[in-house]
> 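Let me give you the structure first, and then I'll get to my questions.
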Amino acid sequence: MAEKAEIGVTGLAVMGRNLARNLARHGHRVAVHNRTEARTRSLVEEFGSEGDFLPAYSAQEFVDALERPRRLVVMVKAGGPTDAVIEEFAPLLEPGDMIVDGGNAHYLDTRRREKALRERGIHFVGTGISGGEEGALNGPSIMPGGSAESWEALGPLLTDIAAVAEGEPCCSHLGPDGAGHFVKMVHNGIEYSDMQLIAEAYDLLRSGLGKKPAEIAETFRKWNEGRLDSYLIEITTEVLAHTDADTGKPFVDIVLDQAEQKGTGRWTVQTALDLGIPVTGIAEATFARSLSGSAGLREATEGVLPGPERKALTGAEADGFADAIEEALFASKIVAYAQGFNMIQAGSAEYDWNIDLGAVARLWRGGCIIRARFLNRITEAYAEDPALPTLLTADYFRDALAGAQTGWRRVVAEAARLGIPAPGFSSALAYYDGLRAARLPAALIQGLRDYFGAHTYHRTDRSGTFHTLWGGDRTEVEP
Ligand code: 6PG
């Protein structure tokens with residue numbers, strides 16, 4: 001009988017196909033399977049020479065092709081299709097076998113599936129995989145959850161195909177059940193925020209300084225040589241420099257200005273609300289996409305709502321404004337990451353995952369969409385103090401925020417004055433100032449809640465719970 005495969009991939013759309021090729025290119029014997037046979041055949045026909053593929057044309061054949069304990073990677077669309085694949089394969093598996101879900105699943109679905117399969121003796125390993133098509137083929141960032149036992153069997157294979165940053169593989173076990181998919185969800189939330197901030201910087205350079213897309217591409221190219229060095233800034237230069245072949249116009253001018261989403265940013269915000277963690281950068285980015293997509297609302301208001309005419313700054317007013325935008329971008333990005341890491345900390349505490357934030361920073365340094373030079377700084381910050389309450393107070397970031405502050409405030413004020421929406425920059429600054437404030441107006445909110453609903457309050461000068469008899473003689477009682 002033919003030698004069995006070390007691992008199998010089912011679901012051979014572009015991500016699954018590229019992941020299978022990546023495994024094969026690293027010398028692993030890979031069983032490949034797809035619901036429709038044609039994809040399996042074409043993978044083997046086109047790329048069979050890259051490594052050792054074992055095509056399977058039925059679920060049973062696929063399962064039989066795998067050595068035990070079986071390692072079966074599912075690369076199908078998150079949601080119903082994942083459940084359907086599990087239902088198809090689970091009855092064919094034996095205790096100790098592993099199903100790896102490499103899609104963008106909701107971590108609560110992953111927890112549910114992990115529990116149900118655990119009862120059948122099967123390991124379900126929710127695994128975040130980032131890096132798009134190219135990453136899947138040449139080295140993604142991999143965020144596995146699931147049992148420690150499954151990590152022992154899967155770790156060497158996943159680590160082998162992951163991206164490498166600073167000599168270290170961008171893959172480590174993040175914690176049990178949904179930990180991996182939770183971290184991937186927050187990764188995507190940060191991705192939303194990063195892109196929104198880049199878009200605001202572009203808008204300010206364009207409307208606020210009157211620069212053309214090709215010039216702005218150059219500005220980003222220059223920024224990418226400094227502390228903002230990242231994959232998203234790099235591809236921003238490509239997209240902005242691109243000309244539409246049909247019209248000869250800048251590509252960015254012929255694309256409909258309505259951002260879409262598959263939903264991971266929305267899940268991040270929904271989850272953050274439940275956890276009580278202010279991820280304002282991600283929330284603003286997600287809502288900015290919703291606003292852009294509210295075509296009817298925008299049509300009904302454009303030209304109706306009064307405000308400043310879009311007019312570029314000139315002369316002394318324009319001096320140093322581009323540098324200030326770079327500062328606003330960097331500072332707001334720091335805030336967004338700080339919020340995202342706090343959310344992972346809160347999720348980890350809520351579900352007892354024991355996630356190592358330093359490990360998260362390390363595996364985001366390469367392969368993933370938000371890979372960036374400054375993740376080295378985050379790695380260092382958590383290496384120095386794993387219990388850091390917020391990244392903002394780590395030396396490097398505190399100093400960077402101090403240095404960027406004047407420019408950041410200038411940009412937020414100027415955006416408001418010019419009527420250029422900058423929800424990412426301004427909400428990041430409001431968060432920063434909120435944390436800095438010795439007193440917040442929340443005291444007044446507590447007073448109002450006590451007034452209309454007897455919701456009680458705490459005092460600054462002594463412990464206890466208090467209520468003022470607002471409708472009576474206004475004496476204070478301890479209910
Ligand atoms: C990645 C990406 C990937 C995908 C996002 C896009 O890490 O490789 O995040 O998962 O591009 O899901 O999400 P939206 O369609 O919601 O923008």
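What's counted below: heavy atoms across the whole structure, side chains too, no hydrogens, waters or symmetry copies. Each residue takes its place number in the sequence, starting with 1. Both ligands and their constituent atoms are indexed starting at 1 by order of listing.
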> Return the closest protein heavy atom for atom 8 (O) of ligand 1 as residue, atom name and distance.
Gly131 N, 2.9 Å

> Tell me the closest heavy-atom pair linking Tyr202 and Phe220, and the distance in Å.
N-CZ, 4.1 Å

> Using the side-chain hydrogen bond (donor to acceptor under 3.5 Å, both in side chains) rule, pick out the option among Arg118, His173, His123 that qualifies with Ser147.
His123

> Classify the side-chain pair Gln261/Thr286 by whether it contains a donor and acceptor separated by less than 3.5 Å.
no

> What protein heavy atom lies closest to atom 14 (P) of ligand 1? Include the residue and the distance to one decimal.
Lys262 N, 3.4 Å

> Below 3.5 Å, N or O to N or O, backbone or side chain included: is there any such pair between Ile369 and ligand 1?
no

> For ligand 1, is there an atom lying under 4.0 Å from some heavy atom of Cys368?
no

> Using every non-hydrogen atom in the two residues, find where Leu357 and Phe341 come nearest and quote the distance to one decimal.
O-CE2, 3.6 Å

> Between Trp364 and Ser141, does a side-chain hydrogen bond (donor to acceptor under 3.5 Å, both in side chains) hold up when you go through it step by step?
CA-CA 6 Å; Trp364 284 351; Ser141 172; 4.9 Å; no

> Quick one: look up the protein heavy atom nearest atom 16 (O) of ligand 1 and list residue, atom name and how far away it is.
Tyr192 OH, 2.5 Å

> What atoms of ligand 1 come closer than 4.0 angstrom to any heavy atom of His187?
7 (O)

> Charged N to carboxylate O under 4.0 angstrom, Glu218 versus Arg221?
yes

> Verify whether one side chain among Tyr337 and Asp194 offers a donor that lies under 3.5 Å from an acceptor in the other.
yes

> Please step through salt bridge (Lys or Arg N to Asp or Glu O under 4.0 Å) for the pair Glu114 and Arg111, ending with a clear verdict.
CA-CA 5 Å; Glu114 196 273 341; Arg111 280 171 65 80; over 6 Å; no

> Is Lys184 close enough to touch ligand 1? Criterion: a residue heavy atom under 4.0 Å from a ligand atom.
yes

> Which ligand 1 atoms does Gly263 reach within 4.0 Å, using its non-hydrogen atoms?
16 (O)

> Under 4.0 Å from a heavy atom of Asn188: give me the atoms of ligand 1 that qualify, with their elements.
5 (C), 7 (O), 9 (O), 10 (O), 12 (O)

> Nearest protein heavy-atom contact for atom 9 (O) of ligand 1: which residue, which atom, what distance?
Glu191 OE1, 2.6 Å

> Provide the closest heavy-atom pair for Ile129 versus Pro140 in the form atom of the first, atom of the second, distance.
CG2-CB, 3.7 Å

> Contact between ligand 1 and Gly265 is defined here as a heavy atom of the residue under 4.0 Å from a ligand atom; is it met?
no

> Please report which non-hydrogen protein atom sits nearest to atom 7 (O) of ligand 1, along with the residue it belongs to and the distance in Å to one decimal place.
Ser130 OG, 2.5 Å

> Who's the nearest protein heavy-atom neighbour of atom 17 (O) of ligand 1, and how far?
Arg289 NH1, 2.9 Å

